[in-house]
Amino acid sequence: MSGVTSAPGLVSVVVRLKLSLLRNGLRQSGGRRAAYAASAGFTLLFAALQLTGLIALRGHAHAESVVVPLVAVLGLGWAVMPLFFPGGDETLDPTRLVMLPLRPRPLVRALLAASLVGIGPLFTVLMLVGSVVAVAHGTAAYVVAVIGVVLGLLVCVALARAVATAHVRLLTSRRGRDLAVLSGLVIAVGAQVVNFGAQRLGTSGLGQLDPVADVLRWLPPASAVGAVDSVSEGAYAAAAAQLALSAGALAGLVGVWARSLTRLMTSPDGSTLRSAERDTRERRGAAGWTRLLPGGRTGTVMERGLRYVWRDPKTKAAWVTSLAIGLIVPVFNALQGTGSPYFACFAAGMLGIQMYNQFGQDTSAFWMVAMTISSSRDAYVELRARALALLVIALPYATLVTVVTTALLGDWPKLPEVLGLSLALLGAMLTTGAWTSARFPYSIPQEGYKNVAPGQTGLAWISVVGGMVSAALLCAPVIALTIWLNVSADGDAWSWLLLPGGAAYGTALTLLGLRLAAPRVAERLPEILTAVSKG
């Protein structure tokens with residue numbers, strides 16, 4: 001490709017490159033083709049249902065109050081998705097084109113055209129079409145609707161490209177990939193927010209969205225749909241201003257994108273360099289908290305486990321998701337007035353899952369751990385230290401969630417029994433997690449977003465699902481005691497005993513589980529090493 005390549009020629013080349021990347025990626029395996037077809041089918045089916053629902057809003061008094069926030073959320077999704085899933089589109093990384101003699105402006109046009117190829121743009125077009133049809137009335141409104149759909153789509157795509165290009169150095173570095181960890185948190189929070197909002201709208205009506213829509217209709221890309229509604233109402237000046245805002249936003253985003261692209265392709269990469277002062281601060285901070293750990297093998301294993309939580313992307317992703325869901329489920333239900341203090345047990349349950357497949361997070365590095373285990377005693381100390389590292393976070397967190405949930409519900413008498421039940425559940429999950437880690441280990445791939453190596457899905461299901469069912473059965477005595485005290489006439493006077501009783505029961509279960517799992521670990525070291533090294 002020469003430096004005098006015309007813009008139309010460059011556009012066609014980059015679009016063909018995008019199609020080639022997509023086609024070659026699908027050729028790698030049948031599983032990838034099946035996954036792509038399934039995701040595409042589900043996305044298009046959802047888009048078709050949304051399109052039908054939006055068209056059904058036509059003529060509704062609050063149609064604009066629905067479609068304008070919808071388009072605003074759609075634009076927000078385009079802005080944040082490149083940060084969470086930087087590997088989803090290889091053409092999002094313009095550093096691959098640094099060595100080619102290409103000028104930024106023609107390259108921006110070519111990449112913008114390539115961005116219009118894919119399921120995401122098609123989904124966005126369907127959402128925009130449904131939105132404008134819901135509010136368009138009259139010939140002039142339909143003419144503006146065509147312009148609005150084009151502007152809305154281009155603003156969304158340009159926004160995604162500008163964000164991705166501005167952060168591409170970070171996103172393609174190892175530390176930058178940790179941003180994907182937040183995807184689980186965003187999905188968990190977003191699902192609960194949508195659920196909370198849907199319930200409020202179901203009881204109060206769509207009119208509650210009117211003030212929000214009045215503001216968002218002046219913010220791109222929602223302003224493009226707001227212009228269609230303004231024309232339908234005869235407010236042509238307002239419609240012109242809203243279209244101008246969308247066009248101005250598009251021009252501004254393209255300009256920011258071009259400047260970021262120029263800086264990216266002409267400046268050295270220093271995003272992964274850290275100063276000596278920062279290294280010194282990290283070492284001093286690490287030395288501070290590690291002094292609180294016990295000595296010997298126990299402290300060493302605990303430190304390694306806690307460092308995995310902070311540094312390993314897959315381990316961090318699992319912990320962030322568990323922490324988020326463990327807090328969101330009880331708190332959001334409490335805020336909606338439909339919760340129960342017992343929902344606080346979600347915190348202990350979600351963090352207890354982290355005990356499962358303990359050796360899988362080590363991957364092939366487990367051989368260094370295996371070399372230090374020569375007896376059941378060594379295996380027991382290893383498992384005990386891993387459980388203690390988990391408890392350093394799980395115990396205060398489960399207690400905090402229980403207190404917050406109880407406070408929101410104003411049901412303080414339930415605090416001792418709920419906390420006791422949480423501690424018993426946590427102990428049961430530590431027990432089953434230690435045993436399944438020894439009996440059903442599986443590998444966690446370090447690259448990509450898969451959490452199970454190919455061919456080991458069955459092991460993962462047996463380990464997690466079987467372990468959770470077993471933990472529930474182990475908690476049966478505490479659950480039965482809780483039920484009996486709640487139905488008993490004088491049970492309230494004795495319910496406080498569930499706190500020390502649940503703590504003692506959970507501790508006994510944990511120690512028993514570690515004792516039973518340790519001999520199995522010592523006997524099956526070669527099999528465990530083989531299983532966790534497959535990824």
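Small disclaimer: the values here were computed from a predicted structure and weren't measured.
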Take Met468 and Ile353 through the side chain to side chain contact (heavy atoms under 4.5 Å, CB included) test and state the conclusion after the steps.
-> CA-CA 8 Å; Met468 292 173 66; Ile353 293 175; 4.3 Å; yes
Side chain to side chain donor-acceptor pair (under 3.5 Å) partners for Thr300, two or more places apart = none
Look only at the side chain of Lys316 and the backbone of Trp310, and say whether a donor-acceptor pair between them is shorter than 3.5 Å.
-> yes
Name the orientation class of the two ring planes belonging to Phe46 and Phe42 (parallel below 30°, tilted from 30 to 60°, perpendicular beyond 60°).
-> parallel
Beyond-backbone contact of Val403 with Trp412, side-chain heavy atoms, under 4.5 angstrom | yes
May I ask you to test the Trp319-Leu390 pair for a side-chain heavy-atom distance under 4.5 Å?
-> yes
Between atom CE of Met355 and atom CG of Leu383, what is the distance when rounded to the nearest 0.5 Å?
-> 5.5 Å
Under a 4.5 Å cut-off applied to non-hydrogen side-chain atoms, are Tyr505 and Leu423 in contact?
-> no
Answer yes or no: is there a side-chain heavy-atom contact under 4.5 Å between Phe440 and Trp435?
-> yes
Residues Arg377 and Glu382 bridged, charged N to O under 4.0 Å | no
Count the heavy atoms of every other residue, nucleotide or ligand shown that sit under 6.0 Å from OH of Tyr356, and state whether that count exceeds 12.
-> yes
Could you walk me through whether Ser463 and Tyr442 pass the side chain to side chain contact (heavy atoms under 4.5 Å, CB included) check?
-> CA-CA 9 Å; Ser463 175; Tyr442 57 90; 4.2 Å; yes
Quick one: are Val369 and Arg304 in side-chain contact, heavy atoms under 4.5 Å?
-> yes
Do Arg259 and Thr262 meet the criterion of a side-chain donor-acceptor pair at a distance under 3.5 Å?
-> no
Derivation and outcome, side chain to side chain contact (heavy atoms under 4.5 Å, CB included), residues Arg386 and Phe359 = CA-CA 10 Å; Arg386 290 174 182 251; Phe359 307 124; 3.9 Å; yes
Closest approach of Ala424 and Val478, non-hydrogen atoms and distance?
-> CB-CG2, 3.9 Å
How long is the span from the OG1 atom in Thr406 to the CG atom in Leu415, to the nearest 0.5 Å?
-> 4.5 Å
When you measure from the side chain of Thr431 to the backbone N and O of Leu509, does any donor-acceptor pair fall under 3.5 Å?
-> yes
Using a 4.5 Å cut-off on heavy atoms from C-beta on, say whether the side chain of Leu216 contacts that of Leu219.
-> yes
Search all heavy atoms of Ser495 against all heavy atoms of Leu485 and return the closest pair with its distance.
-> CA-CD1, 4.0 Å
State, to 0.1 Å, how close Arg520 and Ala438 come at their nearest heavy-atom pair, and which atoms those are.
-> CG-CB, 3.6 Å
Polar side-chain atom of Lys414 near backbone of Pro341 as donor-acceptor pair, under 3.5 Å = no
Look up atom CG in Leu111 and atom CZ in Arg161, then write down how far apart they are to the nearest 0.5 Å.
-> 5.0 Å
Heavy-atom pair with the smallest gap, counting every atom of Ala394 and Leu426 = CB-CD2, 3.9 Å
What's the spacing between Leu408 CG and Asn333 CG if we round to 0.5 Å?
-> 11.5 Å
Min side-chain heavy-atom separation Leu430-Leu514 under 4.5 Å = no
With sequence neighbours left out, what residues match Thr372 under side chain to side chain donor-acceptor pair (under 3.5 Å)?
-> Arg297
Any ring-ring contact (aromatic ring centres under 6.0 Å, His included) pairs touching residues 367-403, not counting sequence neighbours?
-> none
Would you check, one step at a time, whether the test side chain to side chain contact (heavy atoms under 4.5 Å, CB included) holds for Val381 with Thr298?
-> CA-CA 7 Å; Val381 175; Thr298 299; 3.7 Å; yes
Provide the closest heavy-atom pair for Ser376 versus Ala518 in the form atom of the first, atom of the second, distance.
-> O-CB, 3.5 Å
Please name the pair of heavy atoms, one in Leu525 and one in Ala370, separated by the smallest distance, quoted to 0.1 Å.
-> CD1-O, 3.9 Å
Distance, nearest 0.5 Å, that separates OG1 of Thr399 from CG of Leu419 | 5.0 Å
Donor-acceptor contact below 3.5 Å, side chain Thr436 vs main chain Gly433 = yes
Under 3.5 Å donor-acceptor, Ser437 side chain and Gln358 backbone = yes
So how far is it from Leu421 CG to Leu499 CG, rounded to the nearest 0.5 Å?
-> 11.5 Å
Distance-only side-chain donor-acceptor flag, Thr482 / Tyr342, under 3.5 Å | no
